> 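Next up is a structure, given as C-alpha cells.
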Amino acid sequence: MPHDTRDLNSDRRDIADLDEIWLFGYGSLIYKVDFPYVDCATAYLDGWQRRFWQGSHDHRGTPEAPGRVLTLIEAPAKRCFGKAYRVTLNEFDHLDHREKNGYVRQLAPLQLADGRQRTGVFYVGLTNSPAHLGEASERAIAEQIFRSEGPSGSNRDYLHQLQDALAAHGEVDDHVMAIDRLVRQLAGDD
Ligand code: BEZ
C-alpha cells in the first residue's frame, strides 16, 4: 500500500454533503493554520487519544530516517482536546496534500466548547499503511524524535510547539508531556 493517500481522499462526497464543514485539528493544526477559515472554536472529540505512532517521511523526517508525528487512536473513555475550524470544500486540495503521508479523513461527532455539536472532519493515520510506525515506548519515541529532521524542520520543534500550544490552552496530554520532557532531557535542557 502506498504512503500517499491523496487518491483515497479524492472522493469528497462525505464532506460535500455536510451543512457546515468543521475540520478538527489535534496536532500541528492547533498551531499551524495555513488555510483560510470562516469560524474557529475550541473542540473535543470523544473516544480518541493522541499518539506519536505515525511516521513522518515527508515533513519531520525523511524516507530513510522517518520522524514520528501524531495520529489518533480509538480510546473509548478518552476525550481529545483540539481546535476546530469551519472551512469550505476548497481547502481540501491543500489539506489532503499536506497530510498525504498515510492519513485519511474521518467523520465523527464533535463537541464545540460553546456547547454546539457538529460533525467533525479529522485526519487519522491508516494502521495498515507503511507510514504507520505503531506503538513504542515513550523513551524510544523520544529518541526517534530527538534525532529526526525533515523538509519542514526538526521533529523536536513539532513536539515542543505542540506541547507549548496545549499548555497555552491549559491542556495536559500525558503522552505528549512525557515525550516532551524526555526530549528536553536528551537535549540537555532539563
Ligand atoms: C492535526 O493537526 O490535527 C493533524 C494531525 C495529523 C494529520 C493531520 C492533521
Side-chain angles (χ1 to χ4, degrees), residues 2-6 8-10 12 14-15 21-37 39-61 66-75 78-87 91-113 118-135 141 144-145 148 150-153 155 157-169 171 173 175-176 179-180:
H3 295 219
D4 191 326
T5 41
R6 275 176 297 181
L8 292 174
N9 287 321
S10 62
R12 305 218 171 109
D14 54 345
I15 48 177
I21 305 175
W22 282 90
L23 174 69
F24 178 70
Y26 57 93
S28 58
L29 288 178
I30 294 177
Y31 60 83
K32 185 178 178 213
V33 186
D34 55 1
F35 50 86
Y37 57 87
D39 196 2
C40 166
T42 294
Y44 301 92
L45 190 63
D46 286 324
W48 295 83
Q49 67 185 2
R50 269 178 277 268
R51 284 293 177 263
F52 276 95
W53 291 2
Q54 187 76 3
S56 182
H57 304 74
D58 52 350
H59 285 300
R60 302 292 176 161
R68 272 189 181 255
V69 289
L70 289 174
T71 185
L72 285 179
I73 301 293
E74 289 196 76
K78 300 289 184 180
R79 162 168 269 211
C80 182
F81 158 87
K83 292 275 289 280
Y85 306 93
R86 188 173 167 197
V87 294
E91 278 25 282
F92 284 88
D93 279 345
H94 166 65
L95 289 164
D96 288 349
H97 182 270
R98 170 175 158 175
E99 312 302 352
K100 67 182 185 304
N101 191 39
Y103 291 101
V104 288
R105 287 191 315 271
Q106 185 147 338
L107 272 54
L110 189 65
Q111 321 300 321
L112 304 189
R118 294 289 184 271
T119 298
V121 181
F122 51 99
Y123 288 89
V124 177
L126 282 173
T127 53
N128 63 351
S129 161
H132 180 79
L133 301 183
E135 189 168 4
I141 292 173
Q144 185 168 354
I145 289 174
S148 297
S152 299
N155 208 168
D157 283 349
Y158 170 94
L159 167 71
H160 298 323
Q161 282 177 288
L162 174 69
Q163 171 58 29
D164 291 350
L166 292 175
H169 285 89
E171 289 291 324
D173 181 312
H175 177 70
V176 176
I179 295 168
D180 185 75

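Computed from a predicted structure; not experimentally measured. Order of appearance sets the numbers: ligands from 1, and atoms from 1 within every ligand. Positions are given from 1, in the same order as the sequence printed here.
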> Under the rule for side chain to side chain contact (heavy atoms under 4.5 Å, CB included), what residues qualify as partners of Leu133, not counting sequence neighbours?
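By the side chain to side chain contact (heavy atoms under 4.5 Å, CB included) rule, Leu133 matches Arg68, Gln144.
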> Do Phe81 and Thr42 have side chains that get closer than 4.5 Å, going by heavy atoms?
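Yes. Closest side-chain heavy atoms under 4.5 Å.
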> Just distance, no hydrogens or angles: give the donor-acceptor pairs under 3.5 Å from side chains in residues 24-31, sequence neighbours left out.
residue, atom, partner, partner atom, Å
Tyr26, OH, Tyr123, O, 2.6
Ser28, OG, Arg98, NH2, 3.0
Tyr31, OH, Tyr158, O, 3.4

> Between Phe92 and Ile15, is there a side-chain heavy-atom distance shorter than 4.5 Å?
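With C-beta onward as the side chain, the pair touches.
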> Would you say that Cys40 contacts Arg86 through its side chain, given a criterion of any heavy-atom pair below 4.5 Å between the two side chains?
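With C-beta onward as the side chain, the pair stays apart.
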> Just to be sure I understand the cut-off, which residues have at least one non-hydrogen atom under 4.0 angstrom from an atom of ligand 1?
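Ligand 1 pocket, heavy atoms under 4.0 Å: Phe24, Gly25, Tyr26, Gly27, Ser28, Leu29, Leu70, Glu99, Tyr103, Tyr123.
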> List in chain and number order the residues that pass side-chain hydrogen bond (donor to acceptor under 3.5 Å, both in side chains) with Asp173, two or more places apart in sequence or in another chain; answer none if no residue qualifies.
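Partners of Asp173 under the side-chain hydrogen bond (donor to acceptor under 3.5 Å, both in side chains) test: Arg50.
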